[in-house]
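This is a predicted model, so every value here is computed, not measured. Both counts, for ligands and for their atoms, begin at 1 and track the order of listing. Just so you know, residue 1 is the first one in the sequence shown, and it goes up from there. What's counted below: heavy atoms across the whole structure, side chains too, no hydrogens, waters or symmetry copies.
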Amino acid sequence: MEKERKQSKNRLLPAFLLLYALCLAAAVLFVLDARHIRFHFSGGQELELPVGTLYTEPGVRAVSEGRLFGELGRDLPVTAEGWVDCSTPGDYAVEYTATRAGRSWHARRTVHVRDLTAPVITLQHREGYVTTWFAGYEEEGYSALDNIDGDLTALVERTAWDDHVDYTVTDAAGNRSTVTRKIPFSVGKPIITLTEGTETEIPAALRYTDPGFTAADELGNDMSYAVQVSGEVDPEHCGEYERVYRIDSGRGYGVTVTRHVRVVPAPLPAAAEPQEKTIYLSFDDGPGPHTAALLDVLAEYGVQASFFVTCRYPEYFDMVGRAFREGHSVCVHSASHDYYGIYASEEAYYADFLACEELVREQTGSYTTLFRFPGGSSNTVSSFNEGVMSRLTESMNTMGYQYFDWNVDSDDAGRTRTTEGVLQNVIAGCEGKDCCLVLQHDVKDYSVAAVRQIIEWGLENGYVFRPLDMTSPPAHHPVAN
Ligand code: ZN
């Protein structure tokens, strides 16, 4: 019995010892763990304070805070020490000390006293002062005062515009102020108004005519005389252009309006084969001494033809008007008909074309979009300027002009020098064709003399005679240069 009790006591002892050791270890851990102190800053550890604002200690808590047992600890007493000069920008430190059982822990808060106030700009106004846009503004005075830096008037940047002045100043802390003065105008800046608006789209052309503008001051007085226009539109080339209209005050500012001009390809009507058997008679290089006789014959038969005119014989210019009035198609050929002059450059060609077109307008009242290249589009006489025909055929089409070649050559400017020869060439050329574009020259008397028989042959063979228009088949040749 005694032995049994002893045995059970011996069995319980190690269990007690183990429990005791565990409790001791936990107590030590608890004590050690609680020795971690954490500071909690109300308002943050970094604090920004506008200069001039009183610093009030927001408070700090120091808490024994274990890693294992969280915030099981308690608040410790904290003392704060430090000095913040609220009237002077700078960084100030406040030191905190927490103590417990003879031990102390430290922490620091930084207080940034900052200048956050921008300088104040004050504008002076002279009693009764007014001016005009042209007369310009005479400064009435200004000052700038900063809470920290004091008088900053000398640092003010002044930018004068046409109708207002901007004043800007920045203090040492980087605070920036801007004020704007509206200039007291009795008459303000003029207004430029563009006819057709600032955005225009035009078809490519040899000419550009500015749609115009109006300009007036605030009282409605006309000021268009003061407008300077700059910027060129190159109407021959598709693209974007700018025209600038400006009235300059002469004082470093002005009123500017910009017109954007977009040049786009001109429309070119599609050619259509005529429904009937058709002969288009065409006569180049006139008007000349035989044009009147030719017009008489055409009138006699009621036949309309096409005249590709030049400016070489001024005494016959009135024949251009007569041809137009009698229903013939009047088209551009060339003012000078000088191959080496007109094919020297595109610009030379355009200048010659414009001169010839002017004759057409004078005589007919309007420009024409029909023309024929001297020598035809397949000429090689222009080969001294490589590729000029390729460029011109394309650019003239882009500008809405249609050029006509021919598919029946009378050869009256070649070896054929007789009326009979011209007649036979035209007949031979027309036979088998339903659409004939015949080339003749009304400056050749023997060619003009063949016209009556050509018309009679055509009528007998079921042809109608028509003048060319923009939808006529242009009989283009292959471009050879
Ligand atoms: Zn010619």
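- Classification of the Tyr316-Tyr313 ring pair by plane angle, with boundaries at 30° and 60°, yields perpendicular.
- Between Glu218 and Lys189 no salt bridge is recorded (no basic side-chain N to carboxylate O distance below 4.0 Å).
- Residues that satisfy the side chain to side chain donor-acceptor pair (under 3.5 Å) test with Arg262, not counting sequence neighbours, are Glu240.
- Shown are the protein N/O/S atoms under 2.8 Å from the Zn ion (ligand 1), given by residue and atom: Asp285 OD1, His333 NE2, His337 NE2.
- Salt-bridge annotation for Arg417 and Asp445: absent, with no side-chain N of the basic residue lying under 4.0 Å from a carboxylate O of the acidic one.
- Here Glu456 pairs with Tyr301 under the side chain to side chain donor-acceptor pair (under 3.5 Å) rule; sequence neighbours left out.
- Here ring pair (Phe, Tyr, Trp, His ring centres under 6.0 Å) pairs that include residues 232-279, with residues two or more places apart or in two chains, are Trp133-Tyr253, Phe213-Tyr245.
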